**Q** 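Quick one: the structure is below, questions incoming.
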Number of protein chains: 2
Amino acid sequence: MKHSSVQETVEFIGTELSATLEDYLECVAMLAAGQRVVRVKDIAKSLGITMPSVSAAIVRLREKGLIDSEKYGYIELTPQGAALAERVCRKHSFLADFFHGVLRMDRKSANSEACRLEHHLSPEACRQIYRLVEFHRDQAQSETPWTGELREILDEKPLSELKEGDRAVIRRVAVEGALRKRLVEMGFRKGEKVRVVRYAPLRNPLELELKGYHISLRVEEARGIIVRQVGDEPEEE
Amino acid sequence: MKHSSVQETVEFIGTELSATLEDYLECVAMLAAGQRVVRVKDIAKSLGITMPSVSAAIVRLREKGLIDSEKYGYIELTPQGAALAERVCRKHSFLADFFHGVLRMDRKSANSEACRLEHHLSPEACRQIYRLVEFHRDQAQSETPWTGELREILDEKPLSELKEGDRAVIRRVAVEGALRKRLVEMGFRKGEKVRVVRYAPLRNPLELELKGYHISLRVEEARGIIVRQVGDEPEEE
DNA sequence: AAATAATGTTAGAGAAGCCTAAATTTATGT
DNA sequence: ACATAAATTTAGGCTTCTCTAACATTATTT
């Protein structure tokens, strides 16, 4: 067991960044890691923001001594900027681990979740989540019973939330009465495998494959069928 | 034949609120629950914001049809406002449960954490956290291994983070070399009980009680002593 | 080496939210 | 009842962050 890495040696001076500026900083760091040079255009594209806005943000970051750049030139992080960005990135990355690894959201959602949350978490909450993630990883490796149990719970979702092409195993039909009976008669039973063939243009109805047959279902009906998605890709949920 | 039973009754129209407005709405709901009438002054005090700002926010909420109020009069939620507020409150409350119950932060921190996060969590993330909280509660009742083990990990904190009057049990001394030797010789050993008597004006040094003796320690030194806080109050961490 | 394209910056405006100071309205005390 | 106190709103200003349009610079093409 290791518990050395979380040493928060942070000497917080006065660098309180707004959520927005933190985003810019993180973005610059990410881009810098992947390319030789970072330019306004890259940031703008990556954040989905216009270049003038980026320009302005860069000025603000430069005033805070976090970024070093010349007019019309490349953008670089100062040592302080890099240090801060690294902290933000670490936060982002284990938050993403939390959402993906522990909460079993797909990588993309987990990432965007982390993006939005990272600016609002207190250091203490960060630490606790970090520990939870580590604990979970340790436990998952040794395949303790509760990991599986938890996973089963977390992986449940209504059939209506799958995307086109997704495959899943039915866990239960969570409605009662006539509709339940109808669904069960159609073959929606626990353990059965199902695949989403495609959604109609307005997302309703959706076409499914079940036991080799194609079936159309209204989204409202599909909502009552609780499934466990079966991963196609190794990395995906 | 009708099968409307599955209908998710929430028909999200276009009520996308900013984080700030969500806060106001939630605040109004909370106050309304605890008092007969809600007034600008109450909101201002509760959110730590000046009355003119509240006034302006109320106008914005009224324009969105979430609040009903007359000039210089009381403030009430419309049915839609109440519905939305209730959703926000539910989110808040299980998030607080997550931070307090699962992550073992004290109630107050857990609450403020929930406050800041609730506006930025996607519905999916909410759902997963909700499930995790429920799972945790189930497990905690039957005292399964993971609850206890996880709790031990989550409850660890450096001695330097305790507040005056807090009591704790030492879990380990997480430094090496001469300092470690010195601390151990002073009596800081695993299982020993310790109490924070008080901090000096500048938070350094801090005065401790250990085995009936009073000891002064520099904060930097105390950081190396990992303890598990012992709750005084039933509700506290 | 121009002319053109791509990239970056300035200028100006607008929305959200916050503030203080100055009315205005409602409540309260004698 | 009327003067004062309290609560509320209005007015006006500030900051952050965004945008579009116009201008400036650098890069590329011919």
Side-chain angles (χ1 to χ4, degrees), chain A residues 14-28 31-32 34-77 81 84 88 115-116 118-120, chain B residues 14-28 31-32 34-77 81 84 88 112 115-120:
Chain A
T15 328
E16 276 294 325
L17 282 192
S18 69
T20 311
L21 286 191
E22 252 181 44
D23 263 336
Y24 280 109
L25 199 68
E26 189 185 355
C27 180
V28 172
L31 289 171
Q35 312 168 178
R36 264 185 316 114
V37 295
V38 178
R39 290 180 306 178
V40 170
K41 189 198 165 196
D42 305 321
I43 303 172
K45 193 163 65 173
S46 163
L47 291 178
I49 275 172
T50 59
M51 291 204 293
S53 305
V54 174
S55 246
I58 296 299
V59 169
R60 274 178 282 150
L61 285 171
R62 187 166 43 208
E63 277 165 3
K64 290 177 190 292
L66 300 173
I67 268 192
D68 189 18
S69 72
E70 284 164 20
K71 251 193 180 181
Y72 296 100
Y74 300 138
I75 293 159
E76 285 174 356
L77 294 169
L84 222 172
V88 176
C115 253
R116 269 171 297 136
E118 60 192 353
H119 313 297
H120 306 283
Chain B
T15 327
E16 277 293 324
L17 283 192
S18 70
T20 310
L21 287 190
E22 251 181 44
D23 263 337
Y24 281 109
L25 199 68
E26 189 184 355
C27 181
V28 171
L31 288 172
Q35 312 167 177
R36 264 185 316 116
V37 295
V38 179
R39 290 179 305 179
V40 170
K41 187 197 165 196
D42 305 322
I43 303 172
K45 193 162 66 173
S46 162
L47 291 177
I49 275 173
T50 59
M51 292 203 290
S53 305
V54 174
S55 245
I58 295 300
V59 169
R60 273 177 282 151
L61 285 170
R62 189 167 39 208
E63 277 165 4
K64 290 178 190 292
L66 300 173
I67 266 190
D68 189 18
S69 72
E70 285 164 19
K71 251 194 181 178
Y72 296 100
Y74 300 140
I75 293 159
E76 284 174 359
L77 294 169
L84 222 172
V88 175
S112 73
C115 252
R116 268 170 297 135
L117 255 56
E118 60 191 353
H119 314 296
H120 306 285

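Each chain gets a letter, A, B and so on, in the order the sequences are listed, and its residues count up from 1. Just so it is clear, the structure is predicted and the values come from calculations on it, not from any experiment.
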**Q** Measure across B:V88 and B:E118 and return the closest heavy-atom pair with its distance rounded to 0.1 Å.
**A**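 Looks like O-OE1, 3.8 Å.
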
**Q** How long is the span from the CG atom in B:L77 to the CG atom in B:L61, to the nearest 0.5 Å?
**A**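 It comes to 9.0 Å.
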
**Q** By the 4.0 Å heavy-atom rule, please label A:Y24 as base, sugar-phosphate, or nothing.
**A**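 Result for A:Y24 = sugar-phosphate.
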
**Q** So, using salt bridge (charged side-chain N to carboxylate O under 4.0 Å, His left out) as the criterion, who are the partners of B:R116 when residues are at least two apart?
**A**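 Counting only residues at least two positions away or on another chain, B:R116 forms a salt bridge (charged side-chain N to carboxylate O under 4.0 Å, His left out) with B:E113.
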
**Q** Taking only heavy atoms on the protein side, list every residue of residues 47-61 of chain B lying under 4.0 Å from any atom of DNA chain D, sorted numerically.
**A**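 Within residues 47-61 of chain B, the residues near DNA chain D are B:M51, B:P52, B:S55.
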
**Q** Extract all donor-acceptor atom pairs below 3.5 Å that involve side chains of residues 49-56 of chain A and protein atoms in other chains or at least two apart in sequence.
**A**
| from | atom 1 | to | atom 2 | distance (Å) |
| --- | --- | --- | --- | --- |
| A:T50 | OG1 | A:S53 | OG | 3.1 |

**Q** Nearest whole angstrom, please: distance from the P of D:dT9 to the CD of B:E70.
**A**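 After rounding, the gap between these two atoms is 11 Å.
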
**Q** Identify, with sequence neighbours excluded, every residue that meets side chain to side chain contact (heavy atoms under 4.5 Å, CB included) alongside B:E70.
**A**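 Expected list: none.
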
**Q** B:H119: which residues meet the ring-ring contact (aromatic ring centres under 6.0 Å, His included) condition with it, sequence neighbours left out?
**A**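 Checked B:H119 against ring-ring contact (aromatic ring centres under 6.0 Å, His included); zero matches.
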
**Q** Taking side chain to side chain contact (heavy atoms under 4.5 Å, CB included) as the test, write out the residues that go with B:V37, two or more places apart.
**A**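 If we apply the side chain to side chain contact (heavy atoms under 4.5 Å, CB included) test to B:V37, skipping adjacent residues, the hits are B:Y74.
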
**Q** Between B:V40 and A:A19, which has a closest nucleotide on DNA chain D that is more 5'?
**A**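 The residue closer to the strand's 5' end, by nearest nucleotide, is B:V40.
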
**Q** Sequence neighbours excluded, which residues qualify as side chain to side chain contact (heavy atoms under 4.5 Å, CB included) partners of B:S69?
**A**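 For B:S69, the residues satisfying side chain to side chain contact (heavy atoms under 4.5 Å, CB included) (neighbours in sequence not counted) are B:I58, B:R62, B:I67, B:I75.
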
**Q** At under 4.0 Å, does any side-chain N or O of A:K71 touch on OP1 or OP2 of D:dT26?
**A**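 So the side-chain polar atoms of A:K71 never come under 4.0 Å of the phosphate oxygens OP1 or OP2 of D:dT26.
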
**Q** Show the distances under 3.5 angstrom between N or O atoms of the protein and N or O atoms of nucleotides 2-6 of chain D.
**A**
none

**Q** Where do B:L25 and B:G81 come nearest, in terms of heavy atoms and distance?
**A**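 That closest heavy-atom pairing would be CD2-O, 3.8 Å.
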
**Q** Return the NZ to CG distance between B:K45 and B:L31, rounded to the nearest 0.5 Å.
**A**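 Nearest 0.5 Å value for the NZ-CG distance: 9.5 Å.
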
**Q** Hey, where on DNA chain C does chain A first and last touch, going 5' to 3'? Cut-off is any atom under 4.0 Å from a heavy atom.
**A**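 Nucleotide range in contact with chain A: C:dT7 to C:dT10.
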
